[in-house]
Amino acid sequence: MIKLVGLSKSYGRSVGVDDITIDLPDTGIYCLLGRNGAGKTTLMKLIAGHIPPTSGDVLVNGRAVSPRHMPTTVNYVEANSTQFNMTVSSLVAAAASLQHDFDMGFALTMVDRFRLPSGKKYKHLSFGMRTMVTAIITLANNSPVILMDEPTLGFDAIMRDQFNALLLESYAAHPRLIIVSTHLIDEIAKVAEHLLIINQGRILVHADIADLDEQAYTLSGMADAVKPLLVGLNCIGTTTAGAVMAAHIWDHRINPPSAVSVSRLSLQDFFIALVGGNNNA
Amino acid sequence: MHNTIWAAARLNFKNLKMAYLFTGIVLACTFIQDVVFMIMHAISGANFDQQSVGWGMYFYLIPLLAAFWIPLRSVQRMINLGAKRSTIYWGALVTYVIACAAVSLLAVISYCLYEPFAVNAGGAVGRLSLFDAFGWINQGPIAALFQQFAFLLLVTVVIHTVVLMQDKWYGWVTDAVIVAIIAVFTPIAPLRAALMWFLNLIITSPTLLQIGSCLLLTAIIYGLSRLVLDAKVM
């Protein structure tokens, strides 16, 4: 459904997105990870047609996307975006009237579920509640593609958990392509099926999270025992403390000798190892 | 017309509270002044050598402030509510057309019904109005209504477009060009004549020509504003 072909976006000398070519499927929950300024928001805005590419194309159902030809099938809203200072219920009603395919029942259910004060004006809501209102408006849209930029910004732990549950609920009700960018990596990993990692405008990883669970792991032990095992393996980072070494691997599983232990590499550690910079080995 | 465009226009009107408030305050102040003069005139029979701005002109504030408010605030907020740019674009135009039409109608009604009463009852010399100043009323109130509508719509669309492009380099260039036209054209006689010709065309030319030229310019400028909206980074 979505095809990015040689997609680049520059802001003067600064590169936001750098020559990305990728196909995204019709359905699935994607987690888009990247450091601040890695190009996550730029990539989402390009897919939604909010900004024009410098070069390359975004094709949605075969049609090139641009601000003049924004795809009606893609809905993108920034989580920390401001809204009209209207009551929650008025905002939801306004969103329903401005969009072609808005699930009002779902939106009202979510407002109720999150105990949002429907009669309270937007400016009088807490930061987390404001973010939730925007998230609800985004998720209630039945578009085949939903792009959510930092949807859990300002949420407490309980709200984040509820949000993840509702994301799944929304997906179960309307299977579609949902891309969520976030910094709360391991939390979104509970619901996301696929992972995209972007760094300096380029896609570093496009993989299934289930595969990563299998392929991303840490070998720990005495450095003398660990180092020989790394030959032929894709080691994405190492940590040493004295004679002890931990090597983060993204490759096929091996059966190490008993002196070396294997542990699961969390998504956050995988991300840090991959884009975090230097090894300290 | 698509429902989403009407929805965008309704949302624009709902969120023009500051414009309504400001206009209401100015109208209330003028009305209080009128009442004071009426009471003084009724008590003392004195006439006052004063000529205040007519009510109708204060209504202009609504479309003019809307032309600032919509590009500055509403465009981004509607995008955040999931609206498409085409919806926002046409919704804003519907808002301006309705606002200018309603304001023109109110201004004509005010000019024909309230102003004569306020002048007589208050012992004033007269009331300032664009209908008199530009001679629109000479062709009758109906023609005046349409002339004012076309002129007001043109001004509104110009403001909208200029405000919309302020975050781009060409917005600043446009500002500079407008200032340069005023500063350079005014002192130089041939350029001043060209400027006056243009102003006469959109203000005081024969009714159909004035309306036609204003609407044509409105269409051109609003058409260009679509390019500005498309290039706007949200």
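Since the structure is predicted, the reported quantities are computational estimates derived from the model, not experimental observations. To find a chain, count down the sequence lines: A is the first, B the second, and so on, and within it residues start at 1.
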J.: As a quick check of understanding, evaluate side-chain contact (heavy atoms from CB on, under 4.5 Å) for A:Ser97 and B:Trp6, giving each step before the final call.
T.: CA-CA 9 Å; A:Ser97 67; B:Trp6 281 114; over 6 Å; no
J.: Would you say B:Phe68 has more than 12 foreign heavy atoms packed within less than 6.0 Å of its CZ?
T.: no
J.: Would A:Thr82 and B:Arg77 satisfy side-chain contact (heavy atoms from CB on, under 4.5 Å), going step by step from the backbone distance to the final call?
T.: CA-CA 6 Å; A:Thr82 52; B:Arg77 283 164 172 73; 3.9 Å; yes
J.: Would you say B:Phe117 has more than 12 foreign heavy atoms packed within less than 6.0 Å of its CZ?
T.: no
J.: So if I apply the side-chain contact (heavy atoms from CB on, under 4.5 Å) rule between B:Leu81 and each of A:Thr134, A:Thr138, A:Asn141, A:Leu98, which one comes out positive?
T.: A:Leu98
J.: Is the count of non-hydrogen atoms from other residues, nucleotides or ligands lying under 6.0 Å from A:Met104 atom CE greater than 12?
T.: yes
J.: Non-hydrogen atoms of chain A under 4.5 Å away: do they reach the side chain of B:Asn80, the backbone, both or neither?
T.: both
J.: With a 4.5 angstrom heavy-atom cut-off, could you sort out which part of B:Ser86 is near chain A: side chain, backbone, both or neither?
T.: neither
J.: Side chain of B:Arg85, backbone of A:His50: donor and acceptor closer than 3.5 Å?
T.: yes
J.: Does atom NZ of B:Lys14 have more than 12 heavy-atom neighbours from other groups under 6.0 Å away?
T.: no
J.: What distance do A:His100 atom NE2 and B:Thr87 atom OG1 have between them, rounded to the nearest 0.5 Å?
T.: 5.0 Å
J.: Sort A:Val133 into side chain, backbone, both or neither according to what part of it lies under 4.5 angstrom from a heavy atom of chain B.
T.: neither
J.: Locate the shortest heavy-atom distance separating B:Asn15 from A:Met86; write the atom from each residue and the value.
T.: ND2-SD, 3.8 Å
J.: Would the number of heavy atoms belonging to other residues, nucleotides or ligands and lying under 6.0 Å from OH of B:Tyr114 be above 12?
T.: yes
J.: For B:Phe31, I'd like to know if atom CZ has over 12 heavy atoms of other residues, nucleotides or ligands within 6.0 Å.
T.: no
J.: Give a yes or no on this: more than 12 heavy atoms of other residues, nucleotides or ligands lie within 6.0 Å of atom CG of B:Leu21.
T.: yes
